**Q** 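Quick one: the structure is below, questions incoming.
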Amino acid sequence: MNIILMGCPGAGKGTQAVKLQQMFHLHHISTGDVLRAEIASGSPLGKQIAAIIDKGNLVPDEMIISMLENSVKSTDKGIIFDGFPRTVAQAQALDEMMHRLHHRITHVVMIELPQEEAVRRITSRRQCKKCGEILHIDVKNPLTKCPVCGGELYARPDDTPARAKHRFDVYRQETLPVKNYYQSSGKYVEINGYQEPQKVFEDIEKSLKKNK
Ligand code: AP5
Ligand code: MG
């Protein structure tokens, strides 16, 4: 099973990818996480990447594609791609790579969420620096430490209201055409992301089992 998880910024891709990884023993590749790890390493490449993603723009296709191939080759498990492909050129490069490595994409899952709700979720998201847990904070839930490991929480620099809006503009322009690329493939399903995380997960799980 090789799954592409698509959806707008804040749709719940990361939240669902972790659940799917555990349930189906998959290798999770989040291109956003890979890029943030490069930034955290403090390398010169990381500095270049930070200048792009902190503004909410996409990093160049060639950079993402070359970073991805090593990760795909490093596992013999099925893969869940989270946040990739994000352009039609990336989708074509992924097809070519999978074919060359004798793999294939089996499912493309689009999590649908209205922009207003996605921006609300993004601007109240926190992530744990230590274990990576994704959390949602609000007045009823004023977390200061990670409830899983006690680690420090941080807000992503691209999660401000203005940058979230820009990420949506980029999503509409660059990533929505990827939906058309897969829509007629017979592997594409749309899931309502405007539900409790567990219900979203159950809907995804059902769709994966139906289209085995
Ligand atoms: P990336 O990290 O992939 O960001 P994104 O696509 O904008 O998506 P997010 O991670 O913001 O949201 P998500 O869908 O994972 O939602 P989450 O589960 O966290 O990419 C960041 C940047 O890296 C890009 O802008 C670009 O610059 C660069 N990049 C990445 N990939 C690239 C590529 N392929 N090519 C070029 N550039 C690339 O949930 C959000 C919040 O909602 C959390 O607080 C969570 O707790 C909460 N939540 C989740 N589900 C629910 C629910 N059902 N109900 C209520 N709350 C929920
Ligand atoms: Mg994510």
Side-chain angles (χ1 to χ4, degrees), residues 4-21 28-39 46 48-69 71 80-94 97 109-128 132-138 141 143 146-148 153-161 163-176 178 191-204:
I4 293 173
L5 207 47
M6 294 186 67
C8 66
K13 301 181 293 296
T15 303
Q16 297 301 326
V18 170
K19 291 175 181 284
L20 291 164
Q21 173 190 29
H28 175 200
I29 302 179
S30 157
T31 41
D33 287 348
V34 171
L35 294 167
R36 283 185 287 276
E38 189 65 45
I39 295 172
Q48 276 179 39
I49 292 172
I52 300 171
I53 84 169
D54 289 358
K55 289 195 190 106
N57 292 320
L58 297 185
V59 306
D61 289 335
E62 316 78 63
M63 190 188 278
I64 279 287
I65 291 160
S66 66
M67 286 173 113
L68 201 80
E69 179 148 353
S71 191
I80 180 152
F81 294 96
D82 159 5
F84 180 91
R86 252 175 156 99
T87 64
V88 171
Q90 291 180 15
Q92 288 165 339
L94 179 63
M97 184 198 306
V109 176
M110 166 66 93
I111 304 177
E112 294 282 9
L113 191 70
Q115 176 166 344
E116 203 184 48
E117 171 64 8
V119 171
R120 194 188 66 76
R121 289 186 190 177
I122 284 175
T123 48
S124 49
R125 169 173 46 199
R126 296 292 182 276
Q127 197 155 358
C128 175
E133 182 76 7
I134 302 169
L135 300 155
H136 182 80
I137 54 141
D138 58 34
N141 189 16
L143 292 171
C146 174
V148 176
L153 302 180
Y154 76 103
R156 282 170 36 180
D158 58 344
D159 276 353
T160 63
R163 296 208 176 131
K165 185 185 169 303
H166 179 66
R167 280 157 64 196
F168 265 89
D169 294 341
V170 173
Y171 173 75
R172 265 191 292 274
Q173 208 171 334
E174 303 281 349
T175 308
L176 274 183
V178 179
I191 301 291
N192 175 12
Y194 206 170
Q195 319 179 73
E196 286 300 310
Q198 183 56 27
K199 181 72 179 70
V200 176
F201 177 66
E202 285 165 13
D203 285 359
I204 296 176

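Numbering of ligands and ligand atoms starts at 1, following listing order. Predicted model, so just to flag it, every value in this text is computed and none were measured.
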**Q** Is the shortest distance from a Lys or Arg side-chain nitrogen in D158 or K55 to a carboxylate oxygen in the other one below 4.0 Å?
**A**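 Result for this pair is no, no salt bridge flagged.
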**Q** Which atoms of ligand 1 have any heavy atom of N57 under 4.0 Å away?
**A**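 Near N57, meaning under 4.0 Å from one of its heavy atoms, ligand 1 has 26 (C), 27 (O).
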**Q** With a sphere of 6.0 Å drawn around OH of Y154, does it hold more than 12 non-hydrogen atoms of other residues, nucleotides or ligands?
**A** yes
**Q** Nearest protein heavy atom to atom 40 (C) of ligand 1, by residue and atom, and its distance?
**A** R125 NH1, 3.7 Å
**Q** Atoms of ligand 1 less than 4.0 Å from G83 heavy atoms?
**A** 31 (N), 32 (C), 33 (C), 34 (N)
**Q** Would you call R125-D159 a salt bridge at under 4.0 Å N-O?
**A**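 A salt bridge links R125 with D159.
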**Q** Under 4.0 angstrom from ligand 1, any heavy atom of I64?
**A** yes
**Q** Looking at ligand 1, does any of its N/O atoms fall within less than 3.5 Å of an N/O of I122?
**A**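 No, there is no polar N/O contact under 3.5 Å.
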**Q** If you count heavy atoms of other groups shown closer than 6.0 angstrom to CD of Q198, is the number above 12?
**A**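 Yes - once you tally the heavy atoms of other residues, nucleotides and ligands closer than 6.0 Å, there are more than 12.
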**Q** Out of V170, T15, I29, who is nearest to atom 49 (C) of ligand 1 when you count heavy atoms only?
**A** T15
**Q** Heavy-atom contacts under 4.0 Å between D159 and ligand 1: side chain, backbone, both, or neither?
**A** neither
**Q** Taking 4.0 angstrom as the limit, do R121 and E117 come out as a salt bridge?
**A** yes
**Q** Quick one: does L35 get an N or O within less than 3.5 Å of an N or O on ligand 1?
**A** no
**Q** Heavy atom to atom 22 (C) of ligand 1, shortest distance: which of V18, I53, D54, I111 holds it?
**A** I53
**Q** Out of R126, Q127, R121, who gets a non-hydrogen atom closest to atom 48 (N) of ligand 1?
**A**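 Minimum heavy-atom distance to atom 48 (N) of ligand 1 goes to R121.
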**Q** Could an N or O of ligand 1 be found under 3.5 Å from any N or O of E196, whether backbone or side chain?
**A** no
**Q** Check this for me - ligand 1, T31, N or O atoms closer than 3.5 angstrom, yes or no?
**A** yes
**Q** Does R167, backbone or side chain, put an N or O under 3.5 Å from an N or O of ligand 1?
**A**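 Yes.
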**Q** Does Q90 use its side chain to pair, donor to acceptor, with the backbone of R86 at less than 3.5 Å?
**A**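 Yes.
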**Q** Which word best sums up how the rings of F84 and F81 line up, parallel for under 30°, tilted for 30 to 60°, or perpendicular for over 60°?
**A** tilted
**Q** Considering both backbone and side-chain atoms of V200, is one of its nitrogen or oxygen atoms within less than 3.5 Å of a nitrogen or oxygen in ligand 1?
**A**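 So ligand 1 has no N or O lying under 3.5 Å from an N or O of V200.
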**Q** Going by heavy atoms, is P197 under 4.0 Å from ligand 1?
**A** yes
**Q** Please answer whether the main-chain N or O of G83 pairs with a side-chain N or O of T31 as donor and acceptor at a distance below 3.5 Å.
**A**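 Confirmed, T31 side chain pairs with G83 backbone.
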**Q** Given R163, R86, E133, R120, which has its nearest heavy atom closest to atom 30 (C) of ligand 1?
**A**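 Comparing heavy atoms across R163, R86, E133, R120, the nearest one to atom 30 (C) of ligand 1 lies in R86.
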**Q** Any N/O of D82 closer than 3.5 Å to an N/O of ligand 1?
**A**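 Min N/O separation from ligand 1 is not below 3.5 Å for D82.
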**Q** N/O of I52 under 3.5 Å from N/O of ligand 1, yes or no?
**A** no
**Q** Would you say D33 and ligand 1 have an N/O pair spaced under 3.5 Å apart?
**A** no
**Q** Compute the minimum heavy-atom distance from Q195 to ligand 1 and say whether it is under 4.0 Å.
**A**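 Q195 counts as a contact of ligand 1 under the 4.0 Å cut-off.
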**Q** Purely on distance, is any nitrogen or oxygen of V59 under 3.5 Å from one on ligand 1?
**A**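 Yes; at least one N/O pair falls below 3.5 Å.
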**Q** Could you tell me if any non-hydrogen atom of R36 lies under 4.0 Å from any atom of ligand 1?
**A**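 Checking ligand 1 against R36, which is what was asked, there is a heavy-atom contact under 4.0 Å.
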